[in-house]
Protein chains: 2
Amino acid sequence: MPVGRDLFRIGETNKSIFNLLSGWVVIYTLLEDGRRQIVHFALPGAVMGVPTSNGAKISYGAQALTEVVVSVIPNTVLATVLKDDPEVSMRLASTLARDTSIAYDHMTSIGRRTARERVAYLLLELFTRHRAQWPGNHIEEMVIPLTQEQIGDATGLTFVHVNRVLSTLRKDKIVHFHYRRLRILDPDRLIEVAGIDPQTAMSWFERRST
Amino acid sequence: MPVGRDLFRIGETNKSIFNLLSGWVVIYTLLEDGRRQIVHFALPGAVMGVPTSNGAKISYGAQALTEVVVSVIPNTVLATVLKDDPEVSMRLASTLARDTSIAYDHMTSIGRRTARERVAYLLLELFTRHRAQWPGNHIEEMVIPLTQEQIGDATGLTFVHVNRVLSTLRKDKIVHFHYRRLRILDPDRLIEVAGIDPQTAMSWFERRST
DNA sequence: CGGTCCCTTGAGCCCGGTCAATGTGAGTGG
DNA sequence: CCACTCACATTGACCGGGCTCAAGGGACCG
C-alpha cells in the first residue's frame, strides 16, 4: 500500500484486523476543530483495529507513513483462529497489553514531561523500536519517516516548538534530526534528557518491537 | 482490600492478572523525580496487569482508590482458561482493545485540549462510565472518589489550576464538584466544553463500563 | 528550474505553573 | 459537643515555557 493510504478511519466499524508486515503506520485521533494527536507509531508486527466489546465505532484512524505491507484478517476468521489455536490468543493478549503499556508511557510523557524531555523520549523510543527490528545492527543513523509536524502531533507540541527543541538538542550535540534523518550523537545524554532510568533504557535495547 | 492498597507496583514482574469486581482503582506511572501521571481509572469489570510479550517489568502501578474487591488469576491459570474457552479469549482481546482505545482518547485530551476541555472531558467520562454500572439510573449527583490533585494527575495539570478550572465551571453553572461530590448542572454545555461530538456523547450513555 | 513541502527564526503574548498564605470539611478524642 | 488536627480546597501575585503570527530559507521532485 502506498504512502498516505488509510487502513481504517475514525468512525468506521471495523470488520477486519490488520497485521503490519512491513513499513510504518501512524495511529491518530482528531478533534472536531482539526487538532490532531498521533497516539502510536505502529511498526512491523503490530496488530491494529481489534474491535472493542461494545460494538462501538473506532475512535482512531490508521494511515500509512511509508510503503506498507499488511495482512488483513476478517473478524470472523480471527474468531475461528482463536478457537483453533489458544497459543495465538495468548500472543494476541500480550500484544494488546503491550500496546496499552506503550500508550500509558506516551501519556505520561505528554502529561508530565517538558517539551525537551518529550522530544528526547520520542526519538529514543523510535530509535530503539526501529533498531530492534534488525537485531545485531548498531547503526547510529537511521531514517525516521516523520516531519517535525508529525513529531509535534505525537508529543502534543507545535511544530514550531519542536523545531526549536531539535535545534537545542543539535547544538548540545545530543541528537541530529534533519529531513527525516536521525543520528544519535550522545546516547547517554539522550537517555538522561528523556528522563528514563538507565536500567530501563538498557532493557529497551534488547527488546522486540511490535 | 482497603483504600490505598497496591495491587501491583511499578517494576514488578506480574505473576497474576486482576479482575476488578467492585470499587475504583487508579493505574498510574511515575517519573524519577516524583512527577505522577494517572493513566486510567479502572472500574468494575476491568482487567489489570496482563503481562506483555517480552517478559518486561510492568511500567505502571495499580492502587485502590476505594474499598475494592478483586479476583486474582495466576498467569498459569489464565493460560489454561484461554485454552479451554475460546470465548474468553475473544472477550479478553476486546477488553484489552478497549483499554487501548480509552488510553488513546486520554492521550488526545492531554496532548491537544486546553485545561478547561480536559477537566470537562474527564468529568464527563467518569460520569458516564460510573453511571453505566447502574443501568436505568439517571442520578445527576454522584460520588467520585477523587481529590483535585488526582484530577490534576490524570489531566496533566497542577491541582491549583484544576481548582481554578473547577471554579469557572461552577460559576458557569456547568458542573459542581466539591469534596468528591459531582453534580452535572448542564450536560449539554459540558459535552460542548469537553469537545465531544454530541453523537458520540449519546453513545457513551448507552455503553457498558469496564 | 519552478513548485511545493518542509524547516528555521524572530517578536510578542498568554495559559498554566510556582510559590505562598489562608480557608474549610470531617473525623477523633476528650 | 467542642476543640483539635490534618488533609484538602481556595485564592492571589508573579513568572515563564510553549503558542501564535509572520516572514524567509532549504531540500527534493518533476
Side-chain angles (χ1 to χ4, degrees), chain A residues 2-4 26 31 33-38 65-67 109-123 143-172 175-183 193 195, chain B residues 2-4 26 31 33-38 65-67 109-123 143-172 175-183 193 195:
Chain A
V3 175
V26 257
L31 298 185
D33 62 1
R35 280 174 285 178
R36 176 191 312 264
Q37 176 71 42
I38 291 176
L65 255 187
T66 63
E67 280 282 320
S109 213
I110 296 170
R112 290 306 189 199
R113 285 193 234 259
T114 65
R116 171 173 246 246
E117 292 167 337
R118 287 183 222 179
V119 172
Y121 182 94
L122 180 66
L123 293 179
V143 172
I144 303 251
L146 298 181
T147 64
Q148 296 185 4
E149 179 162 23
Q150 287 161 331
I151 294 178
D153 285 345
T155 50
L157 301 167
T158 59
F159 69 91
V160 175
H161 200 64
V162 167
N163 183 282
R164 291 194 232 270
V165 170
L166 286 173
S167 299
T168 70
L169 289 175
R170 192 183 319 142
K171 193 166 50 198
D172 295 346
V175 295
H176 189 92
F177 182 82
H178 195 69
Y179 284 93
R180 304 173 187 195
R181 211 151 262 107
L182 173 68
R183 190 162 351 129
V193 172
Chain B
V3 175
V26 261
L31 298 184
D33 61 1
R35 282 174 284 178
R36 176 192 312 263
Q37 176 71 44
I38 291 177
L65 255 186
T66 63
E67 280 280 320
S109 213
I110 296 171
R112 289 307 188 200
R113 284 192 236 259
T114 65
R116 172 173 245 248
E117 293 167 336
R118 285 183 222 180
V119 171
Y121 182 94
L122 180 66
L123 293 179
V143 172
I144 304 248
L146 298 181
T147 63
Q148 297 186 1
E149 180 162 21
Q150 286 161 331
I151 293 177
D153 285 345
T155 51
L157 301 167
T158 58
F159 70 91
V160 176
H161 200 63
V162 167
N163 184 284
R164 291 195 233 270
V165 169
L166 286 174
S167 298
T168 70
L169 289 174
R170 193 184 317 143
K171 193 166 49 199
D172 296 345
V175 295
H176 189 93
F177 182 82
H178 195 69
Y179 285 94
R180 304 177 185 193
R181 212 151 260 108
L182 174 68
R183 191 163 349 130
V193 172

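To find a chain, count down the sequence lines: A is the first, B the second, and so on, and within it residues start at 1. In this text the structure is predicted, and so the values were computed from the model without any measurement.
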Is any side-chain heavy atom of [X] closer than 4.5 Å to a side-chain heavy atom of [Y]?
X: Ile151(B); Y: Ile144(B); value: no
X: Gln37(A); Y: Asp153(A); value: no
X: Leu65(B); Y: Val3(B); value: no

In whole angstroms, how far is the [atom2] atom of [N] from the [atom1] atom of [X]?
X: Leu166(B); N: dT11(D); atom1: CG; atom2: C1'; answer: 14 Å
X: Lys171(A); N: dT9(C); atom1: NZ; atom2: P; answer: 9 Å
X: Glu149(A); N: dC5(C); atom1: CD; atom2: P; answer: 12 Å
X: Ile151(B); N: dC8(D); atom1: CD1; atom2: C1'; answer: 12 Å
X: Arg180(A); N: dG26(D); atom1: CZ; atom2: P; answer: 19 Å
X: Asn163(A); N: dA23(D); atom1: CG; atom2: C1'; answer: 14 Å
X: Gln148(A); N: dT9(C); atom1: CD; atom2: C1'; answer: 12 Å

Looking at every heavy atom in both Val193(B) and Ala120(B), which two are closest together, and how far apart are they? CG1-CB, 3.7 Å
Quick test of your reading: applying side chain to side chain donor-acceptor pair (under 3.5 Å), list the pairs with at least one residue in residues 113-122 of chain B, sequence neighbours left out, ordered by first then second residue. Arg35(A)-Glu117(B), Ser109(B)-Arg113(B), Thr114(B)-Glu117(B), Arg116(B)-Asp172(B)
After noting the C-alpha distance and the side-chain angles of Leu169(A) and Phe177(A), does the key distance pass the side chain to side chain contact (heavy atoms under 4.5 Å, CB included) rule? CA-CA 9 Å; Leu169(A) 289 175; Phe177(A) 182 82; over 6 Å; no
Strictly under 4.0 angstrom, non-hydrogen atoms only: write out the protein contact profile of nucleotides 13-26 of chain C, one letter per nucleotide from the 5' end, B, S or -. ---BSBB---BBS-
